[in-house]
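Along the sequence shown, the residues carry numbers beginning at 1. A quick note: this is a predicted structure, and the numbers were derived from the prediction, not measured.
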Amino acid sequence: MAKARKDERGRALRKGEVQRASDKRYMYTYTDPMGRRKFIYAQDLTALREKEKQLLKDQLDGLDVYVAGKATVNATFDRYMSTKYDLRDTTRSNYIYIYDRFIRDTFGRKKIAEVKYSDVLQFYYHLLNVDGLALGTLDSVHTLLHPTFQLAVRDEIIRKNPSDGVMKEVSKKGGKDRGVRHALTVEQQRAFMDYIANHPVYYHWWPLFAVLLGTGGRIGEVVGLRWEDVDFERRLISINHSIVYYPVGESRKSTLRVSKPKTEAGIRTIPMLDVVYEALQMERDEQEENGFNETEIDGMKGFIFINRFGTVPNPQAVNRAIKRISSSYNAEEVINAKKERRKPVILPEFSCHHLRHTFCTRLCEHETNLKVIQAIMGHRNIETTMDIYAEATDRKKQESFDNLSKLDIF
């Protein structure tokens with residue numbers, strides 16, 4: 001039987017109660033509906049327990065408000081999040097960030113029992129047409145609001161989910177697209193990589209972008225690679241974790257953390273192309289001369305890529321670098337093309353994930369086995385692989401017909 005904890009006066013302490021050794025103050029620890037640890041302090045045990053009693057009353061009052069149908073959307077969302085005990089920290093943090101940014105201070109203040117279908121529809125149109133949200137971002141908002149209302153339906157607080165069918169209506173009439181990612185063309189990807197390789201300022205980015213474009217890895221997977229994940233002899237790369245940058249704690253200050261890949265299918269082994277092999281060897285030679293990355297994140301060390309501060313690159317910083325490099329390239333390309341009297345090869349706006357999409361497209365153009373493509377990309381659903389494969393093969397088919405049209409066969 002476990003021995004009861006006691007304070008310095010010999011009084012037994014309840015679960016969650018402690019007396020701090022540093023200043024002898026009493027503290028009670030509990031978890032709020034958002035899954036965050038909270039603390040109550042007092043100078044003596046009696047005062048602490050009075051605060052605990054008030055906390056319990058407040059929590060019960062909140063339940064009474066919810067059962068009476070007078071709770072706000074915010075309170076119901078917080079209740080919904082408290083039931084998602086198995087969420088990864090990164091996912092939970094992302095959900096809370098999206099909700100707090102787009103819902104909490106506006107729509108979230110409405111009483112849940114008073115929200116109608118038209119209220120949700122108007123709110124979504126406002127986000128699209130006034131706030132300028134992309135349809136994909138609105139999808140993320142909907143994936144939080146819909147289950148929040150559904151929880152209230154199952155608890156018999158409301159009879160129908162007012163968000164049912166709203167996204168279908170918005171998608172049909174919203175006049176927005178979902179920002180479908182398109183791969184870079186072979187000409188564009190070569191122009192991008194050649195520009196980096198020969199640039200006096202940006203050349204140090206070449207190994208990282210070569211690995212991104214040559215593996216199809218997600219940005220977090222690539223910046224999280226360690227030397228022990230790379231087998232130069234067998235030319236294989238093990239993808240078994242990811243680096244994420246997200247806010248933690250009540251301060252919401254962002255930090256780099258280690259996370260499992262996006263899905264279980266994300267744990268995989270990728271063959272090492274020649275260009276990737278060369279890029280990793282180049283990075284190793286550089287670090288043998290100037291020093292290796294000594295950053296430790298959640299107990300992991302030996303990361304391959306290193307920024308100018310000697311730490312692991314922030315995934316967001318890599319996307320910002322793409323914008324700077326593309327902008328610089330396009331400005332020079334317009335001038336050079338005019339001098340050489342040719343059509344410029346302009347780079348579109350793109351991100352690290354477009355490089356992943358580009359790799360998958362090139363893979364689809366040369367590989368017909370969808371299961372092989374799915375395994376290399378780490379797609380959880382074969383539908384994702386099939387969508388990219390269809391887009392890639394349609395473009396190759398059009399190229400074949402364009403070439404055929406030039407043949408003098410009649």
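Considering only residues two or more places apart in sequence or on other chains, R154 meets the side-chain hydrogen bond (donor to acceptor under 3.5 Å, both in side chains) condition with none of them. In this structure, N198 has no side-chain hydrogen bond (donor to acceptor under 3.5 Å, both in side chains) partners at least two apart in sequence or on a different chain. Residues that satisfy the side chain to side chain contact (heavy atoms under 4.5 Å, CB included) test with A317, not counting sequence neighbours, are N314, R320. For R235, the side-chain hydrogen bond (donor to acceptor under 3.5 Å, both in side chains) criterion is met by D274, not counting sequence neighbours. Annotation: side chain to side chain contact (heavy atoms under 4.5 Å, CB included) contacts of E332 (sequence neighbours excluded): Y195, H199, S328, N336. With sequence neighbours excluded, the residues satisfying salt bridge (Lys or Arg N to Asp or Glu O under 4.0 Å) with E340 are R342.
With hydrogens and angles ignored, the 3.5 Å screen pairs no side-chain donor or acceptor of D131 with any backbone N or O of L133. Using a distance-only test at 3.5 Å, with no hydrogens or angles considered, no donor-acceptor pair links the side chain of E221 to the main chain of G216.
Ring planes of F209 and W205: tilted class, angle from 30 to 60°.
There is no side-chain donor-acceptor pair under 3.5 Å between D164 and Y117. Inspection of the N74 and T72 side chains reveals no N or O donor paired with an N or O acceptor under 3.5 Å.
F107 pairs in a ring pair (Phe, Tyr, Trp, His ring centres under 6.0 Å) with only one of the listed residues (F123, Y124, F77), which is F123.
Ion pairing between a basic and an acidic side chain is recognised when a charged N comes within 4.0 Å of a carboxylate O; D229 and R226 show such pairing.
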